[in-house]
Every structure is written in structure tokens, then in C-alpha cells.
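Read the structure below first, then the notes.
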Amino acid sequence: MRPKYFAPKGTEDILPSVSHEWRFVESQWRAVCERYGYREIRTPIYEETELFRRGVGTETDIVSKEMFTFRDRGERDLALKPEGTAPVVRAYIEHGLYAQSPLQRLYYITPFFRDEDVQKGRYRQAHQMGAEIIGSAEPYADAELLSMLVYFFRTLGIPEDWFELHLNTMGCAECRPAYREAVQQFGRDHFDQLCETCQHRLEHNPLRILDCKVPTCRAITENAPRIDPFLCEPCRTHFERLQAILKALEVAYVRDYRLVRGLDYYTRTTFEVLAKGLGAQNALCGGGRYDGLVEQLGGNPTPALGVGIGLERTLMVLREVGAPLPEAPHPDLFIVAFGDSARLPALQLAESLRHAGFATDLDITGRSPKAQMRLANDSRATYALLLGEDELANQTVSVRNLQTREQETVAQSELTEWLNTRLPRS
RNA sequence: GCGACCGUAGCUCAGUCGGUUAGAGCGCCUGACUGUGGCUCAGGAGGUCGUGGGUUCAAGUCCCAUCGGUCGCCCCA
């Protein structure tokens, strides 16, 4: 078989051999979020392009060059979602969730799309686990979210020294402009020593020179002005309280003055969790406060914050650290038919056992008894149920424990109960 | 957008200075006294060597192009 079609660049098939690992991570995320009082929200895979232009920012790379956009027959401009927050905020406003409760904790698991070059940990269709807290300006909200993140990675089995929470504050509309200007001025003073992209950044997004990865830029910006003296009183207080609460909650973090996130909507708190073993794309998750976004998208001024976690990257780290991932699911039972006369009764038995709640497999390709036994063995079922002329005549079934090789005869009328005492129902 | 490396069975790979019917391991299928798996043994299926062109008596091997993959720059999940 020579394939004629291939999955598009930057996308991948999640095959049965690994899909249970995805489900494991997803179910852990759901469990943790629900334990913290979050409820799931699902939004469309595409939105009006304008939502992302407004929400994420025209100047960002995501919007300026990485969106998959298209037009429907009504000439509407649409875009596959390049991130998860803007759609959630749109839904929050559209459905008046604020009227149900002033505080909304929402979580989601979604694919997202960016038309960019592919490399390790960076795809065109990727998957994100996210959480948003809408309606609290208190640093308790920031702290709770960060604590949940650390808890999540810990419950997945990632050792503490494999990930690091980086924390910063970016101020707000009141105080950031002055800081921005100071950094811009600093950049101009060292213009000749900056890399080409940083020289360009200086004009429209000067704060980004702080997280440039070019060594020479890093050396220079080491001495760049730091935000703390520029923070307005409310921002300074917010950040100080947050740090005190994190300390009380014993959430370890690193103050990272370079942490300037690429999306326009962030205010005050920003953070990332960085992981070892991910290569150049070492951010496991990123997020922060976006107190202006709800208003920006047409709602009433509402404080909010959120996080997006890369599902692929999380899985990479789990594999890297050898964290315990669940085994592939396997059937409880495998039915072997000896002789063609047993094939239909075997299928009938399989159906009744399945409907009774047992994961039951059997051959449906007409293979020999020996081949069926091999399949039973490979299936990793706990028991093989053997059905041949003898059993059919006596209304019994031979039950063979595939590990101990013990075999006994059980009346078909008592089979379900026999199994119930030895197998957990699925 | 730029750069580097890589494309040979389902998977991991070998294939000499270009030279006959392109190999191995794993996996898959069948069988080893008629109703019993893992181990072993025997046999089998599966490849237009990514694709197109060129050089040559001869190309998996050399050259060019193209497509795909991987990693990096940039940016981010």
C-alpha cells in the first residue's frame, strides 16, 4: 500500500497506540479543574477574524501573519482559532455569564491553529488545555490559578526540578506606558548593539526586546530598566500581595523580569511554566491577567486572567521524565470459537457479555482456533472463554485464565455472576 | 521567510570503489497429529529504494530539481 494522501504539514494523527495517553492528560486536566470549581466551556473552532484582531492585537505575530483565515459564502471573514482566550471571553459576553454569577471559572480543551513553520513542539494544529477566571481583580485569583497549575503538573508526575514557574508583572494602562517608554529609550541608546529584529521591535513593541534570545541582546538588556519603580500604586500592591499569597501557599516561582508576553491583552501578572527537555520550545504553558480584554471585546470592564497549557508539550515532558502513563486499554475477555459451528454462538455470547458491561473481544475474520488463541493472548484479556462442540452441547463455557493457565468449566447461566466476582465492571 | 540535516519493507536500519534476482532484526500471516496462547522451529506475504529529470554500458549509490520529514533562527502552546 503506497499512501497517496498525507496529513497536512504541521498536523498529526493521534493513533490508537498513543490516544489513551492523550485521554489521560485530558482527564487529569478535567479532574483538577473541576476540583477547583471550574466548568467546561466549548467554543467553535472558528470565529470572526475581527474577534482575534481586537482581542489578541493586530501587532502580534499570531494575528499579523499566522492565522488561517477564510471566507464563507456570505463573504464573512473567518479564522480558525489561533488561541483559546478570546473565544471564551466572546462567549462570556454573548451569553451574559456575568449575570449568572459575578465570578466565572471556565476551562476548556481545544485544538488551535497557527500557520507557521513547524519544529519540535510547534505545530500548525496543536492542542491547548486552558482555564480562565473572569470577574475577580483580587490577587487571590492569580494565586489560586498558579497554585492549580503547579498542582496539575505535579499530579501528572513531573518532578519538581523539571519545571519552573516564571512570574512577572507588566503593569497596567496607567503605568506601563512610562515603563515602555523607558525601555524604548534604553533600546535607542543601545540601538547599534541590538539585533535586527529588536531594532524593528523597538518601534512597535519595545518591551519584546527584553525576551529576545540573541545572546548579545540579552547581555545588553540585562541592564535595561526594570518595571518595579514604574508600577503605579494599585499594580505594585497587587503584585506584592500576590507574592505574599504565593509564599503562604508554598508555591515556588522565579521572578523573571524578561517575561513579556506576546499577546497584547495582558496586564499586571504574567507567567510561564518552563520545562526541561523541550528544546527551543520550552514553554509548557503561558498566561496572565487581562483586565482590559472583556471591555476591549465590547463587554463591561471586568477583571480576568487565564492560562493555556500545551498538550503536546506536556506529553513530551511526561515521556521525557518517564512519568507513569497509563497502559493501553485491553479487553476483559476474549472468546475463542472452536469450529465453525461455534462462531455464531461465540458472537452471541460476546454481545450478551458486552451488554452486561464486560469489554469483550473475539475474532471476526474466520481464523483458526490456534490463531484465535494467539489473538486472545495478544489482546491481554484476563480470561479466554472457549466455546466448542462440547460446551455448546452442555450449555457451558470453558474459562481460561490467560496468566495462570488455569481453566474451568462454567455453566453459561452462571457465567455473568462468575465473572462479576472476579472482574471489575467496565 | 531563512538555515542545517535526512528520505531503502508496517517499524528500526544495513546496502562496499556505481555492477547480477535489494537484505537483516522486530512486527504481521501460515504451519509443527484432528479443540488450547506466550518459548522454539519451519515457511510465507510485504519494497516501482519519496517523486521527476540528468550523467553512465550500468544508478538505492553520482548530479539537479521537486515534494515530504526532522531540527534550529524568529515567535509561541
A:K9 side chain near B:G69 phosphate (N/O to OP1/OP2, under 4.0 Å): yes
If you go through the side-chain atoms of A:Q119, does one of them form a donor-acceptor pair with the base of B:U70 closer than 3.5 Å? no
Partner residues of A:R54 under the side chain to side chain contact (heavy atoms under 4.5 Å, CB included) criterion, sequence neighbours left out: A:E50, A:Q296, A:L297
Donor-acceptor list for residues 339-350 of chain A side chains, cut-off 3.5 Å, not counting sequence neighbours:
from, atom 1, to, atom 2, distance (Å)
A:D340, OD1, A:R343, NH1, 2.6
A:R343, NH2, A:R367, O, 2.5

So, A:F24 versus A:H20, ring centres under 6.0 angstrom or not? no
Rounding to an integer number of Å, can you tell me how far A:N401 CG sits from B:U36 C1'? 14 Å
In whole angstrom, what separates A:L315's CG from B:A77's C1'? 13 Å
With sugar-phosphate meaning primed atoms plus P, OP1 and OP2, does A:R400 contact a base, only sugar-phosphate, or nothing at under 4.0 Å between heavy atoms? base
Aromatic contact, A:Y38 with A:Y107 (centres under 6.0 Å): no
I'd like the P distance from B:A58 over to B:G53, given in whole Å. 15 Å
Distance criterion of 3.5 Å, no angle test: do you see the side chain of A:R114 paired donor-to-acceptor with the base of B:A77? yes
In whole Å, what separates the P atom of B:G37 from that of B:A32? 11 Å
Expressed in angstrom and rounded to an integer, what is the separation of A:K81 atom NZ from B:A77 atom C1'? 14 Å
Can you tell me, in whole Å, how much space there is between the C1' of B:G52 and that of B:A45? 30 Å
Between A:T396 and A:N394: side-chain donor-acceptor atoms closer than 3.5 Å: no
So, are A:E116 and A:R124 salt-bridged, with charged N and O less than 4.0 Å apart? no
Grab the OH-C1' distance between A:Y5 and B:G68 for me, whole Å please. 16 Å
Separation of the C1' atoms in B:U61 and B:G23, to the nearest angstrom: 15 Å
Using only modelled atom types and a 3.5 angstrom limit, is any donor from either the side chain of A:D117 or the base of B:C2 paired with an acceptor on the other? yes
Atom CZ of A:F338 and atom C1' of B:U34: how far apart are they, to the nearest Å? 13 Å
Could you work out the separation of B:U40 and B:G46 based on their C1' atoms and round it to a whole Å? 24 Å
Interatomic distance at P, B:U8 relative to B:G47, whole Å: 15 Å
Rounded to whole angstroms, how far apart are CD on A:E12 and P on B:U70? 9 Å
Considering residues, nucleotides and ligands other than A:L15, do more than 12 of their heavy atoms fall under 6.0 Å from its CG? yes
Give me each pair satisfying side chain to side chain donor-acceptor pair (under 3.5 Å) with a member in residues 374-390 of chain A, each pair once, sequence neighbours excluded. A:E327-A:R380
Value in whole Å for how far the P atom of B:C71 lies from CZ of A:R313: 12 Å
Same-atom distance (C1') from B:C49 to B:C41, integer angstrom: 32 Å
Report the distance from atom CE of A:M316 to atom C1' of B:U70, rounded to the nearest whole Å. 12 Å
For A:Y290, give me all partners under side-chain hydrogen bond (donor to acceptor under 3.5 Å, both in side chains), at least two apart in sequence or on another chain. A:E132
In plain terms, say whether A:R255 and A:D228 are close enough for a salt bridge, that is, a side-chain N and a carboxylate O under 4.0 Å apart. yes
Residue closer to the 5' end of RNA chain B, A:V118 versus A:F6 (nearest nucleotide): A:F6
Give, ordered by number, those residues of residues 369-396 of chain A having at least one heavy-atom distance below 4.0 Å to an atom of RNA chain B; if nothing qualifies, reply none. A:K370, A:A371, A:M373, A:R374, A:N377, A:L386, A:G388, A:E389, A:D390, A:E391
Sticking with atom P, work out how far B:G19 lies from B:C62, rounded to a whole angstrom. 11 Å
Parallel, tilted or perpendicular: which one describes the rings of A:Y36 and A:Y151, with boundaries at 30° and 60°? tilted
Distance criterion of 3.5 Å, no angle test: do you see the side chain of A:E116 paired donor-to-acceptor with the base of B:A77? yes
Check this one for me: any side-chain N or O of A:S368 less than 4.0 Å away from OP1 or OP2 of B:G31? yes
Nearest to the A:R122 side chain among B:U36, B:C74, B:G31, which nucleotide is it? B:C74
Both A:G287 and A:K65 contact RNA chain B. Which one's nearest nucleotide lies toward the 5' end? A:K65
Mind pulling the stems RNA chain B is in, i.e. runs of at least three Watson-Crick or G-U pairs, everything under 3.5 Å? B:1-7 with B:67-73, B:10-13 with B:23-26, B:28-32 with B:40-44, B:50-54 with B:62-66
Measure from the side chain of A:Q128, starting at C-beta and using heavy atoms only, and say which of B:U36, B:C71, B:A77 lies closest. B:A77
